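Structure, as structure tokens:
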Amino acid sequence: MSNNTEDVAGTEKRSLHFIESIIEEDIRNGKNDARVHTRFPPEPNGYLHIGHAKSICLNFGLAEKYNGKCNLRFDDTNPEKEETEYVDSIMEDVKWLGFQWDKEPYYASDYFDRLYDWAVKLIRDGKAYVDDQPQEVISQQRGTPTRPGIESPFRNRTAEENLDLFERMKAGEFENGSRVLRAKIGMTSPNMHMRDPVLYRILNAEHHRTGNKWKIYPMYDYAHGQSDYLEGITHSLCTLEFEVHRPLYDWCLDQLIETSYRPRQIEFARLNLSYTVMSKRKLLELVKGNYVNGWDDPRMPTIAGLRRRGYTAAAIRTFADRIGVAKRDNVIDVGLLEFTVREDLNKITPRVMAVIDPILMVITNYPENQTEEIELVNNPEDAESGTRMLLFSKELFIERDDFMIDPPKKYFRLGPGREVRLKGAYVVKCESYDQDADGNVTTIYCTYDAETKSGTGSNQAKVKGTLHWVEANSAIDAEVRLYDRLFVDEDPAGHADKDPIEFLNPDSLKVVTNCKVEPLLANTKSGDKFQFQRIGYFCVDNDSTFSMPVFNRIVSLKDNWAKEIQK
RNA sequence: UGCCCGAUAGUGUAAUUGGCAACACGUCUGUCUCUGGAUCAGAAGAGUUUAGGUUCGACCCCUAAUCGGGCAACCA
């Protein structure tokens, strides 16, 4: 390592984060034969969220960077919470993000036999014992962080007795929860996790892979390090809350292996995002309580939700890269995520005309029954994207927001007597308008100047605004789903006395059904993304049909006018 | 009252490992524009939680304090 910085994406310089520093030092020292082998170890008890994406990008990214490998391993040691549906969704999400795990996916449950044999070794070595006490008693005896615990009366059974009991636990002779296998470490450690921790518990539940074969299941602390070891993992990355578990991770390995190869646990700070919740438990609550429409609801911070919303995998990877990796607690502004998608979408999406809240515009001096074709650039950011033709006629739809009867001075759009350009077409001037009984504007009457057609080079006096529009007769109907942040509070889970549900944003979804979009949008498929000119980025939803296309708003365009009216 | 982590502009992350704090987002100006988008140019904004110490020199090392987070599931 000659320099502490490196090229990222060819241009940006980025310095090494602390995990990379550790890895590079390990490589220099030839530790574990200078291999880099990471793993992403989700428990299949829920869908992955953007926080997991950070971890995925970290683990797979490190493997890529150092020519190593990264495993996908399902940490399925608790059959009561785990399901195959989650396994499938997790694999799909990891692949979608653009990563490929080494070989086949691994499962902690594949190691149950090895883990069992190791447990037997611990018992033989006098380092584990079977405790017959109920959970509450064990819990009481553990003491408190400030007071040491006391030893279990079953702590000093003979190895033979322990072995016999443990085998019978495995055989299913005992009741659920009636006995556990505990490590024999001591009851006085200031670290609660080191006070004779439970290694195995009896669980009469059907496991999603091993079915009813097992009656006992290993605990995370016992299973994780050994699973890492069996897979040849070198750097086992996890979040900060596992810091206090590390001594136990190391203790187990110390007792069980004698090779020089050793996996090392390193902790980093999990991602927190403003205006959302980021725990599987809380997300599950949103799903089960029908506050959202499933795990892939576009408002969810799940990878499936973001995907359906229209976020690109590239944007999420860039985001993960931008937020960095460190050990201090952090809350990332959702604005950064939004910026990152806009940045990506700006480069890749075709621009189209779509009017979300249409109002009829009649061009009074445009010949009756005449139409013409207007050529429009598909994407000014992409020279390869070409152009397309769009119909223009006497009757158009424009956005209701783009007209005001009595506009303020800084309003660059249409009002009585004002002039604007219709994007790609002509400059029009508002001559009059109709209102209904309630005062709503129903039709806007304009005149156009035939000399001002776009691309003719006739440099007309500049107009302040340019509006998007669709031709009234050829436009097709569409449904648009306007998504906004799910919570109105910056940190919905940060109130000890209040449930995040209380901060749900009542306007997080607005369904608009009478939108008018250009005819091209009849032929789209789920997942297609567009920029609705002047409005935002949109993505074709799964619910879309030929007769009624449905678009999700991914994110709006940066809107300075909206900011202006805030003032 | 215990133990373990952490603390740098509004938010994140840096600082060539001790040489007078940088980048991104955000904010504000302005430019350009047939998207009030994008682009481009520029500005404001921290003197690194505090107090000591070591040193020619400290964001960086030491000590203490303060603040924040984590730890007492047969969850992961």
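Quick caveat, the model's predicted, so the values are computed rather than measured.
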Glycosidic conformation of [N], syn or anti, with 90° from 0 as the boundary?
N: B:U39; value: anti
N: B:G47; value: syn
N: B:A73; value: syn

Which part of the nucleic acid, if any, lies within contact of [X], taking any heavy atom under 4.0 Å across all strands shown: a base, the sugar-phosphate backbone alone, or nothing?
X: A:Leu557; answer: base
X: A:Pro41; answer: nothing
X: A:Gln133; answer: base
X: A:Tyr200; answer: nothing
X: A:Tyr220; answer: base
X: A:Lys410; answer: base
X: A:Thr77; answer: sugar-phosphate
X: A:Val180; answer: base
X: A:Thr340; answer: nothing
X: A:Gln531; answer: base
X: A:Pro42; answer: nothing
X: A:Gln135; answer: base
X: A:Tyr222; answer: nothing
X: A:Arg351; answer: base

What is the distance, rounded to the nearest whole Å, between atom [atom1] of [X] and atom [atom2] of [N]?
X: A:Asp329; N: B:G70; atom1: CG; atom2: P; value: 8 Å
X: A:Ile202; N: B:C75; atom1: CD1; atom2: P; value: 12 Å
X: A:Lys327; N: B:A14; atom1: NZ; atom2: P; value: 13 Å
X: A:Asp333; N: B:G26; atom1: CG; atom2: P; value: 9 Å
X: A:Asn560; N: B:C28; atom1: CG; atom2: P; value: 8 Å
X: A:Leu248; N: B:A73; atom1: CG; atom2: P; value: 15 Å
X: A:Gln140; N: B:A73; atom1: CD; atom2: P; value: 12 Å
X: A:Leu115; N: B:A76; atom1: CG; atom2: P; value: 12 Å

Next item on the list: List the steps and the verdict of salt bridge (charged side-chain N to carboxylate O under 4.0 Å, His left out) for A:Glu231 and A:Arg39.
Entry: CA-CA 9 Å; A:Glu231 291 175 19; A:Arg39 102 266 93 110; over 6 Å; no

Base [N] to side chain [X], donor-acceptor N/O within 3.5 Å cut-off:
X: A:His193; N: B:A73; answer: no
X: A:Arg328; N: B:U13; answer: no
X: A:Arg413; N: B:G36; answer: yes
X: A:Glu381; N: B:G37; answer: yes

Between [N] and [M], how far apart are the two [atom1] atoms, rounded to whole Å?
N: B:C67; M: B:A51; atom1: P; value: 16 Å
N: B:U13; M: B:A7; atom1: P; value: 9 Å
N: B:C59; M: B:U17; atom1: C1'; value: 12 Å
N: B:C75; M: B:G68; atom1: P; value: 32 Å
N: B:G18; M: B:C4; atom1: P; value: 25 Å
N: B:U8; M: B:U50; atom1: C1'; value: 15 Å
N: B:G26; M: B:U39; atom1: P; value: 9 Å
N: B:G47; M: B:A15; atom1: C1'; value: 14 Å

Notebook entry, point to check: A:Tyr217 pairs by ring-ring contact (aromatic ring centres under 6.0 Å, His included) with which of A:Tyr222, A:Phe112, A:Tyr200, A:Tyr111?
Noted result: A:Phe112

Check: Taking it one step at a time, do A:Asp110 and A:Arg209 satisfy salt bridge (charged side-chain N to carboxylate O under 4.0 Å, His left out)?
Finding: CA-CA 9 Å; A:Asp110 286 342; A:Arg209 298 188 81 234; 2.8 Å; yes

Which nucleotide, [options], lies nearest any side-chain atom of [X]?
X: A:Met219; options: B:C28, B:A73, B:U13; answer: B:A73
X: A:Val244; options: B:G70, B:A76, B:C74; answer: B:G70
X: A:Asn330; options: B:G36, B:U13, B:C75; answer: B:U13
X: A:Glu241; options: B:G2, B:C74, B:A76; answer: B:A76

Could you state the interatomic distance from [atom1] ([X]) to [atom2] ([Y]), rounded to the nearest 0.5 Å?
X: A:Glu372; Y: A:Leu390; atom1: CD; atom2: CG; result: 11.0 Å
X: A:Arg351; Y: A:Ser385; atom1: CZ; atom2: OG; result: 8.0 Å
X: A:Arg195; Y: A:Arg142; atom1: CZ; atom2: CZ; result: 8.5 Å

Check: In the structure shown, which nucleotide is the Watson-Crick or G-U wobble counterpart of B:U66, with both distances under 3.5 Å?
Finding: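 B:U66 is paired with B:A7.
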
Item checked: Centroid under 5.5 Å and tilt under 30°, A:Trp561 to B:G36 ->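 Check passed, A:Trp561 stacks on base of B:G36.
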
Next item on the list: State, to 0.1 Å, how close A:Ile535 and A:Ala354 come at their nearest heavy-atom pair, and which atoms those are.
Entry: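 Smallest interatomic distance, heavy atoms only, reads CD1-O, 3.4 Å.
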
Item checked: Least distance between heavy atoms, A:Gln533 atom then A:His468 atom -> O-ND1, 3.6 Å

Checklist line | Pairwise 5' ranking along RNA chain B for A:Phe18 and A:Gln533, keeping only the more 5' one | finding: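 Looking at the nearest nucleotide for each, A:Phe18 comes out on the 5' side.
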
Margin query: For A:Gly324 and A:Phe412, find the nucleotide of RNA chain B closest to each by heavy atoms; which residue's nucleotide sits nearer the 5' end?
Written below: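 Per heavy-atom nearest nucleotide, the more 5' residue is A:Gly324.
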
Do any side-chain nitrogens or oxygens of [X] fall under 4.0 Å of OP1 or OP2 in [N]?
X: A:Thr146; N: B:C3; value: no
X: A:Arg201; N: B:C75; value: yes
X: A:Arg142; N: B:C74; value: yes
X: A:Lys558; N: B:U35; value: no

Notebook entry, point to check: Do you know which of A:Ser139, A:Ser152, A:Ser178 makes side chain to side chain donor-acceptor pair (under 3.5 Å) with A:Gln133?
Noted result: A:Ser152

Notebook entry, point to check: Does a salt bridge link A:Glu375 with A:Arg388, judged by any charged N lying under 4.0 Å from a carboxylate O?
Noted result: no

